Amino acid sequence: MGPRWKGKGAEDRAQADPMSEIVSRLKSSLIESNAHGLLSGCSVLLAVEADQSDLLNRACFGRPVVSAEKDKQWFQLSMEEAFYLCYTLKCLGIHGGDNCRKTYEELWKYMGDKKTTFPEIFKAYSHLRTKNWVVRSGSQYGVEYVVYRHHPSLVHSEYAVLVSIEGDGGENGRLRIWSDVHCTVRLCGSVAKALLVLYIDKCGHGDASPSCVTLYSAEERVVARWSPKDCREDHSISVNSN
């Protein structure tokens with residue numbers, strides 16, 4: 001299943017402005033302005049100027065939050081998005097309720113306490129983002145993420161991504177029985193997406209610090225329905241009359 005571009009010229013516009021370059025411009029802008037977000041429960045709030053707001057929208061990080069401020073635009077980042085900008089791209093500081101900047105280790109512990117599977121889910125998110133996929137929530141399809149080749153205004157999402165954590169004892173153990181596989185694949189097919197199962201394995205390493213993530217492995221597998229008619233041979237036989 002290849003990309004489904006939205007309208008004539010969408011593919012050309014995407015190729016003229018690659019997502020990697022948009023993210024690079026966002027990174028430079030956030031570093032230059034010494035941007036910092038505020039921890040708020042299971043998300044991070046970020047106030048930005050108009051140009052950064054445009055870059056965040058184009059790079060597909062976070063979601064705009066309606067506020068009364070006219071000179072600032074607020075964005076709500078998921079923990080994975082915020083930690084990717086903070087730790088991986090090193091372009092965002094994150095402050096706590098005491099308005100003091102949190103260290104990587106403090107953020108890692110905070111986010112791990114909020115979501116027990118955060119280390120593995122972050123590994124999945126960063127794995128996809130570093131490959132220049134646009135990663136958005138897939139909760140409406142019963143998966144962790146849906147991914148796009150470029151901005152959703154230009155192309156439909158190509159994969160529904162389900163994160164499978166190796167050795168999790170069933171906490172996130174989906175697709176363990178045939179009915180789960182069948183239902184998930186049919187759902188993805190009905191919305192023209194392929195199911196990508198991303199297996200995250202800690203490989204015996206713990207999760208004491210964010211540096212452990214580089215030691216985790218990520219294995220991609222695409223799961224698709226097999227249709228007999230797609231592989232059926234033509235067994236028709238010509239019978240010559242005598």
Side-chain angles (χ1 to χ4, degrees), residues 2-7 9-39 43-65 71-95 101-104 107-108 111 118-119 121-138 144-159 161 163 196 198 210-211 213-216 218 220:
R4 296 178 297 125
W5 298 98
K6 295 183 177 180
E11 183 176 5
D12 292 337
R13 293 198 299 274
Q15 291 179 349
D17 194 14
M19 185 53 62
S20 59
E21 293 186 8
I22 298 174
V23 173
S24 179
R25 293 198 296 271
L26 171 64
K27 175 181 176 178
S28 298
S29 178
L30 292 175
I31 291 174
E32 185 178 349
S33 66
N34 194 28
H36 66 272
L38 301 173
L39 281 173
S43 61
V44 172
L45 297 176
L46 174 64
V48 295
E49 305 291 344
D51 58 336
Q52 292 175 332
S53 174
D54 178 63
L55 286 170
L56 282 166
N57 278 316
R58 293 174 64 193
C60 295
F61 280 101
R63 298 188 182 278
V65 177
D71 58 338
K72 293 276 188 180
Q73 171 67 64
W74 286 87
F75 276 75
Q76 183 180 40
L77 304 170
S78 70
M79 291 193 296
E80 292 78 17
E81 290 174 322
F83 200 71
Y84 184 79
L85 291 171
C86 175
Y87 179 75
T88 305
L89 297 186
K90 293 179 172 48
C91 61
L92 178 69
I94 300 179
H95 293 195
R101 182 167 181 154
K102 297 292 186 182
T103 66
Y104 296 145
L107 288 172
W108 183 256
M111 293 175 178
F118 176 76
I121 299 299
F122 174 72
K123 173 64 177 182
Y125 179 88
S126 60
H127 174 80
L128 295 166
R129 263 295 182 176
T130 53
K131 290 190 170 187
N132 292 315
W133 287 101
V134 169
V135 185
R136 305 301 276 175
S137 171
E144 272 73 31
Y145 299 116
V146 289
V147 295
Y148 303 76
R149 286 182 182 257
H150 207 278
H151 195 278
S153 65
L154 298 177
V155 66
H156 293 279
S157 57
E158 202 163 331
Y159 294 101
V161 182
V163 179
L196 176 64
L198 195 52
S211 61
V213 172
T214 59
L215 304 175
Y216 298 171
E220 304 167 0

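Just so it is clear, the model here is predicted, and its values are computed rather than measured. Positions are given from 1, in the same order as the sequence printed here.
- In this view, Trp74 and Glu69 satisfy the side chain to side chain donor-acceptor pair (under 3.5 Å) rule, not counting sequence neighbours.
- No donor-acceptor distance shorter than 3.5 angstrom exists from the side chain of Lys123 to the backbone of Leu215, with no hydrogens or angles considered.
- Listed by chain and residue number, Tyr84, Phe122 satisfy the side chain to side chain contact (heavy atoms under 4.5 Å, CB included) test with Thr88 (two or more places apart in sequence, or in another chain).
- Between Cys60 atom SG and Tyr148 atom OH the span is 8.0 Å, to the nearest 0.5 Å.
- Remark: His95 engages His36, Leu38, Asn99, Arg101 in a side chain to side chain contact (heavy atoms under 4.5 Å, CB included) (not counting sequence neighbours).
- Take Arg58 and apply the salt bridge (charged side-chain N to carboxylate O under 4.0 Å, His left out) test, not counting sequence neighbours, and it matches Asp17, Asp54.
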Hey, can you pull the donor-acceptor pairs under 3.5 Å for the side chains in residues 28-35, sequence neighbours left out?
unit_1: Ser28; atom_1: OG; unit_2: Ser24; atom_2: O; d: 3.2
unit_1: Ser29; atom_1: OG; unit_2: Gln52; atom_2: NE2; d: 3.2
unit_1: Ser33; atom_1: OG; unit_2: Ser29; atom_2: O; d: 3.2
unit_1: Ser33; atom_1: OG; unit_2: Leu30; atom_2: O; d: 3.3
unit_1: Ser33; atom_1: OG; unit_2: Gln52; atom_2: NE2; d: 2.7

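- Every residue was checked against the side chain to side chain donor-acceptor pair (under 3.5 Å) condition with Tyr145, not counting sequence neighbours, and none meets it.
- Contacts of Ser20 classified as side chain to side chain donor-acceptor pair (under 3.5 Å), with partners at least two apart in sequence or in another chain: none.
- Rounding to the nearest 0.5 Å places CG of Asn132 at 9.5 Å from NE2 of His150.
- In this structure, the side chain to side chain contact (heavy atoms under 4.5 Å, CB included) partners of Lys131, at least two apart in sequence or on a different chain, are His127, Trp133, Glu220.
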**Request:** Under the side-chain contact (heavy atoms from CB on, under 4.5 Å) rule, what do Leu107 and Leu39 come out as? Steps first, then yes or no, please.
**Result:** CA-CA 9 Å; Leu107 288 172; Leu39 281 173; 4.1 Å; yes

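- Applying the salt bridge (charged side-chain N to carboxylate O under 4.0 Å, His left out) test to Lys72 and every residue at least two apart in sequence or in another chain returns Glu49.
- Ser43 meets the side chain to side chain contact (heavy atoms under 4.5 Å, CB included) test with Ser40, Gln76; sequence neighbours excluded.
- Sorted by first and then second residue, the salt bridge (charged side-chain N to carboxylate O under 4.0 Å, His left out) pairs involving residues 81-92 (not counting sequence neighbours) are Glu81-Arg136.
- Using modelled atom types, no side-chain atom of His151 and backbone atom of Ala14 make a donor-acceptor pair closer than 3.5 Å.
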